[in-house]
Amino acid sequence: NATHRTQAGAGGCPFHAAQEPPTAPNGCPVSPRAAAFDPFDGPYQLDPAEALRWSREQEPVFYSPKLGYWVVSRYDDIKAIFRDNLTFSPSIALEKITPASDAALAVLQRYDYGMNRTLVNEDEPAHMARRRELLEAFTPEALEAHAPMVRRLVREKLDAIVDRGRADLVAELFWEVPLTVALHFLGVPEEDMEQLRRFSVAHTLNTWGRPSPEQQVEVAEGVGRFWQYSGQVLKKMQEQPRGHGWMYDMIEKNRQKPDVVTDNYLHSMMMAIIVAAHETTALATANAFRQLLSRPAVWAELCDNPALIPAAAEECLRHSGSVVAWRRIATRDVEVGGVSIPEGGKILMVTASANYDPAHFENPDELDIYRDNAVDHLTFGYGSHQCMGKNLGRMEMRIFLEEFTRRLPHLELEEQEFTFLPNTSFRGPEALWVCWDPAQNPERRDSAVRDSQRDFPVGAPSRQDIAREMVVAKVQAASQGVLQIALEDPRGRRVPEWSPGSHVELVVGDYVRKYSLCGETDDPYWLQIAVLREPEGRGGSAWIHEHLEPGMTLRLRGPKNHFRLDETAEHYLLIAGGIGITPIIAMADRLKQLGRSYELHYAGRSRSSMAFIERLARDHGEALHLYRKDEGERLDLADLLAAPREDTLLYACGPERLLAALGAGTGHWPEGSLHVEHFSAEGALLDPAKEHAFEVELADSELVVEVAPDRTLLQALRAAGVDVPSDCEEGLCGSCQVDVVEGEIDHRDKVLTAAERAGQDRLMSCCSRAKGKKLVLAL
Ligand code: HEM
Ligand code: FES
């Protein structure tokens, strides 16, 4: 077979070669779409995620004969590859995807070009030993110190255009500023910056592009000169007393540990890092401005509420990242997503496609700046090689956005055709034309606008700042003590889509409280909640009952769903106690719509205190069972749950008592039958007097993190620069789950089932801790 393939490929038989389906190196036939895939072609260049939709849906791992690579497009497969950097070596990450011509090689040789391993393409164990030595420059404190420099550079450039009314933001700011930031971050002497600036351009085309033979020679000249000049600058820096900057850290480590931070590494890195820190950030910023300005309502929201900027920047990195694909090479025969890849197989992970995988991101095509798991995107890679500079890149994007939304909120995107430099991995428009009316610049009326900056903490965005504004459309009594409230978008837009079991968080002053959505899921303009007046609550529900009226604006997080209805069961038992009816009613509506078999058991104090009785009787009459305490009716759980049923799922919401009784009463049911919605977890606060410190080792990134008695594991991970998504931060939602490789866990969440806990292989990092002194996590 192999010989036959080679002959056909070499044009052995002029009559049959054309008809034979191409074959992948594992012997399998290549599908027509895989055969047609060309990453230098229009569709991939324009929108890589869209160009690979077919692959995500039908053939998530395929061999591309045109590229000679295995292409991987789904989130879980790509993350698994990133996780295992022994099986999937990064050594290929900076290899020229189009091999250099002899003429180009001759040019490079003339310059004694010796670019080799840096960090991003170094194998273990050398990589981790080096990376660990060089992390100090990236601590939040160290990065914080660069913020004023970034701010100053953005301002200088913005000052130059602010009265102009029209500009190409790429040419004026987005290209220049990240380069200058990178050079400052490295500590390159000012007088050498100008020169280095001129060399940094040809790299992308050279490494990830398909340059023509003439371009290859031209690019080789540029690269050769860049190599020589960066060597000279490095030498000069080595001769100077220790200055400030990451390059000086490296020089110092090279003196102390020349076998770890080697000479060739220093020279290679001097050149590679300028690209790594520069183009990535420049293109990401251009993408973000393009996406946000092409959605004027979203841009207006950012101008009104700049606290949303970190979340918006993150969502733009997911939706339109600047690095769209990254490479690995298989060091042994291995399976990815069920497809066998032979040793030596080259792999292109299309991270832009993973970022649109509906199995990981709800409604992925939408740019939603309120998306709470946007930080899970793979634009910064993942695992032991994950971008070290991600928080510097984020900082730059945020400062750009903050300055522009404040000083030029009336900025508009001009009609234009966007062009991209053809290559597999880096993506962003080559120009971005915008216009505005300088007469409307707010700083002309109030000069304070220019300087009234807002700073953001270093790191992944804080979800505390993510909240959308909604207006109260209608308030009415749903029963004694329960108000039903309809909320609408202040600009009359459609409300976000939601599914039964979803909730929103209402932010009223310091008061944040979760409410299940209880309207109709297909109502495009209203989100509805029901609020019980709680005499012993923290006062928020009383405030809502006394003061809320139509026309008022509220802040709201979500919708999100931690109580998702599995629609595949034969039969359903829905159980609600009191105000717990709110998520259950939406589930009942959905089951009815699907034509499923269900019973709805609803218990409460009295008819007048139970919300939605009329609606329930009207829509679910047959399935509805009411239990009114004051009429002597009692929900007999023992009877209801006596016989376990394989085909039935239980969904319940109500007082803790009821949920505890259900937990106890379903012990003999199949594992996973019962699903409950808690409204809050007790004991979420840490008492340092009762806690002990422990250590976590991160297997994927090889970091060791200390967790002090007064800190949660989640806080400690974030402080170490590891992005873990979270939501409730009280053990209710499951979003902060982390896999555990080793160590005994002290589980404190309400998410995991007894069997999952016993497995000791995962925990909720917002609340759970180590029983002993150490845990090893798969992070
Ligand atoms: C590695 C993207 C900004 C320094 C990487 C990787 C990606 C990436 C995809 C490879 C990750 C992997 O193999 O798992 C980006 C993006 C940026 C950005 C999208 C901006 C939006 C920066 C900045 C710096 C930087 C500003 C420097 C100060 C690095 C370094 C590595 C790296 C040193 C190698 C880490 C290692 O292999 O251990 N980046 N980057 N990056 N990046 Fe970035
Ligand atoms: Fe919700 Fe941890 S953030 S369980």
Side-chain angles (χ1 to χ4, degrees), residues 81-95 113-143 146 182-183 185-188 203 207 226-227 230-231 233-235 237-238 242-278 280 323 326-329 331 380-393 696-705 717 720-723 776-777 779:
I81 295 174
F82 270 128
R83 272 215 162 102
D84 183 354
N85 61 350
L86 299 180
T87 307
F88 303 100
S89 159
S91 55
I92 196 177
L94 301 182
E95 187 180 290
Y113 178 71
M115 170 86 163
N116 202 335
R117 301 293 181 95
T118 58
L119 276 169
V120 81
N121 59 351
E122 182 64 280
D123 278 312
E124 302 307 342
H127 161 260
M128 239 336 139
R130 197 174 288 158
R131 178 165 164 134
R132 267 208 217 101
E133 293 294 334
L134 302 174
L135 274 170
E136 234 163 80
F138 298 95
T139 61
E141 301 74 40
L143 289 179
H146 293 294
L183 295 171
F185 175 77
L186 293 173
V188 169
H203 239 316
T207 312
F226 188 7
W227 174 254
S230 54
V233 175
L234 176 62
K235 195 148 177 277
M237 291 172 79
Q238 283 172 312
R242 197 186 186 309
H244 282 295
W246 196 37
M247 210 61 226
Y248 285 105
D249 293 1
M250 298 196 215
I251 292 169
E252 184 67 25
K253 297 285 179 184
N254 170 250
R255 278 197 199 109
Q256 294 167 0
K257 298 184 180 172
D259 51 330
V260 176
V261 179
T262 60
D263 290 346
N264 180 274
Y265 162 77
L266 267 197
H267 193 171
S268 298
M269 194 61 170
M270 181 77 200
M271 191 165 150
I273 191 62
I274 295 176
V275 183
H278 170 213
T280 50
V323 177
W326 209 246
R327 288 179 287 165
R328 294 288 187 259
I329 183 164
T331 58
F380 290 130
Y382 179 77
S384 55
H385 286 270
Q386 198 192 37
C387 178
M388 288 167 85
K390 65 185 175 183
N391 287 334
L392 185 59
V696 286
E697 191 182 307
L698 311 187
D700 293 351
S701 45
E702 297 198 17
L703 284 175
V704 174
V705 177
L717 290 172
V722 182
D723 303 332
V776 181
L777 307 179
L779 270 180

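Remark: side-chain polar atoms of K253 are not paired, donor with acceptor, to backbone N or O of V260 under 3.5 angstrom. For R131 (side chain) and E702 (main-chain N/O), no donor-acceptor pair under 3.5 Å exists by modelled atom type. A distance-only check finds no donor-acceptor pair linking the side chain of E252 to the backbone of Q256 [under 3.5 Å]. A donor-acceptor distance shorter than 3.5 angstrom exists from the side chain of S268 to the backbone of N116, with no hydrogens or angles considered. The backbone N or O of G383 sits nowhere less than 3.5 Å from a side-chain atom of S701 that would complete a donor-acceptor pair. Proximity of a side-chain donor or acceptor of H267 to a complementary backbone N or O of W227 within less than 3.5 Å is detected. Looking only at distances, a side-chain donor or acceptor of N264 sits under 3.5 Å from a matching main-chain atom of G114.
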Using side chain to side chain contact (heavy atoms under 4.5 Å, CB included), reason through V696 and L779 one step at a time and then give a plain yes or no. CA-CA 10 Å; V696 286; L779 270 180; over 6 Å; no
Practice item. Just do the side chain to side chain contact (heavy atoms under 4.5 Å, CB included) check on F88 and R83 with the steps written out, would you? Key: CA-CA 9 Å; F88 303 100; R83 272 215 162 102; over 6 Å; no
Practice task
Report the C-alpha separation of T87 and R328 in whole Å, then their side-chain angles, then the decisive distance to 0.1 Å, and conclude whether the side chain to side chain contact (heavy atoms under 4.5 Å, CB included) test is met.
Solution key: CA-CA 9 Å; T87 307; R328 294 288 187 259; over 6 Å; no
Checking side chain to side chain contact (heavy atoms under 4.5 Å, CB included) for the pair F380/T280: CA distance, chi angles, key distance, verdict? CA-CA 10 Å; F380 290 130; T280 50; over 6 Å; no
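You'll find the side chain of W326 reaches within 4.5 Å of the side chain of V120, heavy atoms only. A heavy-atom distance below 4.5 Å is found between the side chains of Y265 and M250. Looking at T118 and I273, their side chains never come closer than 4.5 Å, going by heavy atoms from C-beta outward. The shortest side-chain heavy-atom distance between V261 and R255 does not fall under the 4.5 Å cut-off. Two residues are said to be in side-chain contact when any heavy atoms from C-beta on lie closer than 4.5 Å; D700 and Y382 meet this criterion. By the 4.5 Å heavy-atom criterion applied to side chains, N254 and D263 are counted as neighbours. L703 has its side chain within reach of L135: a pair of non-hydrogen atoms, C-beta onward, lies under 4.5 Å apart. Using a 4.5 Å heavy-atom threshold, the side chains of I274 and L186 count as touching.
For E136, the CD atom counts as loosely surrounded, since its 6.0 Å shell holds 12 or fewer non-hydrogen atoms of other residues, nucleotides or ligands.
Aromatic pair F226/Y113: centroids not less than 6.0 angstrom apart.
Closest non-hydrogen pair, L94 versus N121, comes out as CD1-ND2, 3.7 Å. Listed here is the closest heavy atom pair of L266 and I251: CD2-N, 4.1 Å. The two residues R327 and A93 make their nearest non-hydrogen contact at NH2-O, 3.1 Å. Here the shortest heavy-atom pairing between M388 and L134 reads CE-O, 3.8 Å.
Using cut-offs of 30° and 60° on the angle between ring planes, the pair W246 and F138 is perpendicular.
In this structure, R130 does not pair ionically with E133, as no charged nitrogen and carboxylate oxygen lie closer than 4.0 Å.
Checked options E122, H385, R132; the residue passing with H127 is H385 (criterion: side-chain hydrogen bond (donor to acceptor under 3.5 Å, both in side chains)).
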